[in-house]
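Lettering of chains follows the sequences in order, A, B, ..., and the numbering in each one begins at 1.
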Amino acid sequence: MPGAVISLSAKFSGGVVERSPALRLRFAPSPTGYLHVGGARTALFNWLLARRHGGSFILRIEDTDLSRSTEEAIEAIIRDMRWLGLDWDEGPEVGGEHWPYRQTGRVNLYRRAAEELMRKGAAYRCFCLPEELAERREKALKEGKSPMYDRRCRRIPWEESRDMAKDGKPFAIRFAVPEGETVVRDLVRGEVRFRNQEIEDFVLLRNDGSPTYNLAVVVDDLDMRITHVVRGDDHLPNTPKQILLYRALEAEEPAFAHLPMIVGRDGKPLSKRHGDVAVGSFRERGFLPDAMVNFLALLGWSLDDSTTIMDRDTLVAGFALERVSSKPAVWDDEKLVWMNSQYIMAMDDQALAQALMPFLAQAGLAEEGDPGALERMRRISPLVRERIKTLTDAVPLVAFFFREVEAEEDARELLRGEESRAVLRETGKRLLELESFDAAALEESMRAMADEMGVKPRKAFQPVRAAVSGSRVSPPLFESMEILGRETCLRRIARSLEEN
RNA sequence: GGCGCAUUAGUCUAGUUGGCCUAGGACGCCGCCCUCUCAAGGCGGAGAUCGCGGGUUCGAAUCCCGCAUGCGCUACCA
């Protein structure tokens, strides 16, 4: 079955075989903050495509803007990528022949490319000061004119330009946009045409010698032999500039695919204003990486008309760019929560218990590495699995298994009253008499008790639930009591009778 | 202002070359069943004149044109 890459390579790069190790994709975040879900989705699509076709997935840190980039951000991005299970074949902590996989330390490459472009007459020095530029732009805008750079420095004769540079006049290097039309053959939206006259002579190298994004990204993608650039569609208008650069450098351009943005319910790009958008905060809120990946994959892509829950193998096997939508996807927290619950329900006892341990530890209910606590949690797992949608949901639900809890006020109400007290006393008696303290025996005994006392099961069980769990909502009563053990149950029932 | 992209129910989406769409699946919502609480599960339901207006056609969500709205880009940000 031919995948997206076949048709696209046949069309745009001239024949790459299906399982092509030559396929090279990258995710290139700028480390100015945490990894947010939009970035994660972009990373995922790149990863999926690489894995689908047996190619390489590269992580590259786009830190051209040094003042806004931080080491902490880099570490956080790496941590979150790892958590999501998006492993890379080349990049930070992994290595590769294009080390370092960040732009600091690669400045010479950019400078050399800019010089090459100057030599070819495709770029020129611009001596305009940033302040002048801003002024002119504002003026043009006010007069209703196009605010594009007027290309005045393009007309400075080469020798004069060289001399001005030699005299120490600061300059930036701009790309000389040629005449004509540039067509972006986008894998998700088809051909998009741009008239070159709409593209200004953009800056390649700032007057401090640092590269701008457009230059750096092209040089890096070229150097790393990236075959497919898959990124957010906010980059679509930049693409003709980059294509022009590839051509000026006499290099073959990669295939491009622009993914729809992820927006909030208000249709605006997803941001902090919409709540937590950091991948890390979803981890802290108790979401599972597999659920995140499944959910993220469905933001702008679908396998068919009905499949929603998919494991990684299915995702990898079925992913294709041609099934990527071009309309913005709205982030729907509720659906994520539901999906997470589906993944939780699919976990076995051991896995769920293990996943829960850090959350129990954080709540002070258990020590992270305590084997006794883990074993206890493993026994509790089947009781809570269907009752939690996120891992954090489990904490209040299981707390009474790990420590004495004060009964909530609405639970105390269940403990008062003659009937309730009678039920509790009788229950205590029966618990002592039980031969085997297991759920089945407990249920049998207590149902018989309710029957004999002429009390509805519900009326008989609720006070016991309140006494034992401290709440009117808890995991199934008899199973819970079995795990708590006879002594604990008796103690709690006795205490309830005393205190209420 | 210019350029570009998008527009199927509250939401994610299916609908690739026009007829099998009296628009399919999922989340959410409502109701019933099950039931020791809460869930889970089962069954059923409401919800879309496919942004609007023209056109092409025997036939359009699907093709063409215009409009509207939203978003992006238009930086010596990425």
Side-chain angles (χ1 to χ4, degrees), chain A residues 28-30 32 62-65 67-69 126 128-130 133-134 137 140-149 170-174 184 186 189 192-195 197-200 202-208 210-214 216-217 232-240 258 260-261 263 265-269 295 298-309 322-323 325-339 341 345 383-389 397 414 443 446-447 450 456-462 464-466 469 471-478:
Chain A
S30 64
T32 51
E62 207 108 308
D63 59 351
T64 40
D65 185 1
S67 58
R68 293 200 298 155
S69 301
C126 172
C128 300
L129 271 5
L133 258 13
R137 185 172 32 248
L141 234 28
K142 213 175 286 171
E143 291 167 4
K145 289 191 207 143
S146 171
M148 277 204 303
Y149 175 61
F171 62 90
I173 293 178
R174 282 184 189 271
V184 178
D186 189 277
R189 42 202 79 196
V192 184
R193 320 184 89 86
F194 295 88
R195 286 179 294 281
Q197 57 184 10
E198 309 287 354
I199 304 170
E200 77 173 343
F202 53 97
V203 170
L204 299 174
L205 232 43
R206 304 187 184 96
N207 63 17
D208 66 356
S210 66
T212 59
Y213 167 73
N214 282 309
V217 82
D233 76 11
D234 48 339
H235 286 289
L236 186 52
N238 276 322
T239 309
H258 290 93
M261 299 288 264
V263 300
R265 280 226 128 97
D266 55 3
K268 300 246 188 322
F295 182 72
L298 254 14
L299 250 31
W301 172 82
S302 61
L303 178 68
D304 53 33
D305 63 348
S306 58
T307 311
T308 308
I309 302 289
E322 49 209 354
R323 288 197 62 87
S325 153
S326 52
K327 77 181 250 213
V330 177
W331 182 266
D332 181 0
D333 240 60
E334 285 182 338
K335 189 158 183 172
L336 205 214
V337 167
W338 168 81
M339 191 167 280
S341 75
M345 281 195 268
L383 308 187
V384 298
R385 183 164 29 226
E386 288 170 357
R387 275 161 254 266
I388 59 176
K389 293 187 186 301
L397 216 49
L414 292 169
E443 178 158 13
M446 288 186 60
R447 281 196 190 277
K456 283 212 156 69
R458 175 196 179 93
K459 283 276 186 186
F461 302 161
Q462 278 302 82
V464 181
R465 181 192 312 284
S469 76
S471 168
R472 57 195 313 159
V473 175
S474 84
L477 183 56
F478 311 113

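The side chain of D234(A) sits closest to G72(B) out of A78(B), A40(B), G72(B). Comparing atom distances between the D233(A) side chain and each of G41(B), C5(B), G15(B) picks out C5(B) as nearest. Listed candidates were U7(B), C36(B), G72(B). Nearest to the side chain of K327(A) is U7(B). Counting only heavy atoms from C-beta on, E386(A) has its side chain closest to A40(B) among A26(B), A40(B), G72(B). The side chain of V192(A) sits closest to C5(B) out of A39(B), C5(B), A26(B). Taking only side-chain atoms of A172(A), from C-beta outward, the nucleotide of A78(B), C27(B), C76(B) with the closest atom is C76(B). Nearest nucleotide to the S302(A) side chain, out of A40(B), G28(B), U13(B): U13(B). When each of U37(B), G4(B), C36(B) is scored by its nearest atom to the side-chain atoms of R195(A), the top-ranked nucleotide is G4(B). Which of A75(B), C76(B), G25(B) sits closest to the side chain of E200(A) comes down to A75(B). Nearest nucleotide to the side chain of E198(A), out of C3(B), G10(B), U37(B): C3(B).
L141(A) comes within 4.0 angstrom of nothing in the nucleic acid, heavy atoms only. Among the protein residues, M446(A) comes within range of no part of the nucleic acid, since none of its heavy atoms lies under 4.0 Å from any strand. Here P476(A) lies in heavy-atom contact (under 4.0 Å) with a base. When heavy atoms are screened at a 4.0 angstrom cut-off, P328(A) is found touching the sugar-phosphate backbone but no base atom.
For F461(A) and F478(A), the ring centers are positioned less than 6.0 Å apart. Checked against the 6.0 Å centroid threshold, F295(A) and W331(A) count as a close aromatic pair.
When both pairing distances are held under 3.5 Å, C3(B) makes a Watson-Crick or G-U pair with G72(B). Searching all strands for a Watson-Crick or G-U wobble partner of G51(B) with both distances below 3.5 Å returns C67(B). With a 3.5 Å ceiling on both atom-pair distances, the Watson-Crick or G-U wobble partner of G31(B) is C43(B). Under the Watson-Crick or G-U wobble criterion, with both distances below 3.5 Å, U22(B) is left unpaired in every strand shown. Pair check for U17(B) finds none; no Watson-Crick or G-U wobble contact set falls under 3.5 Å. Pairing for G59(B) is absent, with no Watson-Crick or G-U wobble pair whose two atom distances lie under 3.5 Å.
For K268(A) and G72(B), the shortest distance from a side-chain N or O to OP1 or OP2 is not below 4.0 Å. Taking only side-chain nitrogens and oxygens, R68(A) never comes nearer than 4.0 Å to OP1 or OP2 of A78(B). The phosphate of A75(B) (OP1 or OP2) has a side-chain N or O of R137(A) nearer than 4.0 angstrom. Taking side-chain N and O atoms only, R265(A) has no distance below 4.0 Å to OP1 or OP2 of G10(B). Within the structure, a side-chain polar atom (N or O) of R458(A) is placed less than 4.0 Å from OP1 or OP2 of U37(B). Put simply, R447(A) has no side-chain N or O that comes within less than 4.0 Å of OP1 or OP2 on U35(B). OP1 and OP2 of U37(B) both lie 4.0 Å or more from every side-chain N or O belonging to K459(A).
With respect to L298(A), the side-chain contact (heavy atoms from CB on, under 4.5 Å) criterion is satisfied by exactly one of L336(A), T308(A), D332(A), L303(A): T308(A).
As rounded to whole Å, 16 Å separates atom P of G4(B) from atom NE2 of H258(A). E334(A) has its CD atom 8 Å from the C1' atom of C27(B), to the nearest Å. What separates CG of N238(A) from P of C3(B) is a distance of 18 Å, to the nearest Å. Rounded to whole angstrom, the span from the CD1 atom of I309(A) across to the C1' atom of C12(B) amounts to 12 Å. Regarding L383(A), its CG atom lies at a distance of 16 Å from the C1' atom of U35(B), rounded to whole Å. Counting to the nearest Å, the P atom of G4(B) and the CG atom of L236(A) are 11 Å from each other. Atom pair E322(A):CD and U17(B):P shows a separation of 13 Å (rounding to whole Å applied). What separates NZ of K142(A) from P of G2(B) is a distance of 19 Å, to the nearest Å.
Considering all non-hydrogen atoms of both residues, P476(A) and L383(A) come closest at CD-O, 3.9 Å. Nearest approach of P211(A) to L205(A), heavy atoms of both residues: CA-CD1, 3.6 Å. Smallest separation of non-hydrogen atoms from R189(A) and P260(A): NH2-N, 4.0 Å.
Checking T212(A) against N214(A) by side-chain atom types alone, no donor-acceptor pair falls below 3.5 Å.
For C76(B), its base sits under 3.5 Å from the side chain of N207(A) at one donor and acceptor pair at least. Put simply, the side chain of R189(A) and the base of C5(B) share no donor and acceptor less than 3.5 Å apart.
G51(B) and A6(B) are spaced 11 Å apart, taking the C1' atom of each and rounding to whole Å. Atom P of A9(B) sits at a distance of 9 Å from the matching atom of C50(B), rounded to the whole Å. When the C1' atom is compared between C33(B) and U17(B), the two are found 47 Å apart, to the nearest whole Å. Rounded to whole Å, the C1' atom of U56(B) lies 32 Å from the corresponding atom of G2(B). For A14(B) and A48(B), the C1' atoms lie 14 Å apart once the distance is rounded to whole Å. Annotation: A68(B) and G54(B) have their C1' atoms spaced 14 Å apart (nearest Å). Comparing G66(B) with C12(B), their P atoms sit 28 Å apart, to the nearest whole Å. For the C1' atoms, the distance from U7(B) to G28(B) is 22 Å, rounded to whole Å.
Both thresholds, 5.5 Å between centres and 30° between ring planes, are met by H235(A) relative to the base of A78(B), so the two rings are stacked.
Taking the nucleotide of RNA chain B with the nearest heavy atom to each of E443(A) and M148(A), the more 5' of the two is matched to E443(A).
For R472(A), there are no salt bridge (charged side-chain N to carboxylate O under 4.0 Å, His left out) partners at least two apart in sequence or on another chain.
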For this session: Step by step, work out the side chain to side chain contact (heavy atoms under 4.5 Å, CB included) result for L414(A) and R465(A).
Result: CA-CA 9 Å; L414(A) 292 169; R465(A) 181 192 312 284; over 6 Å; no
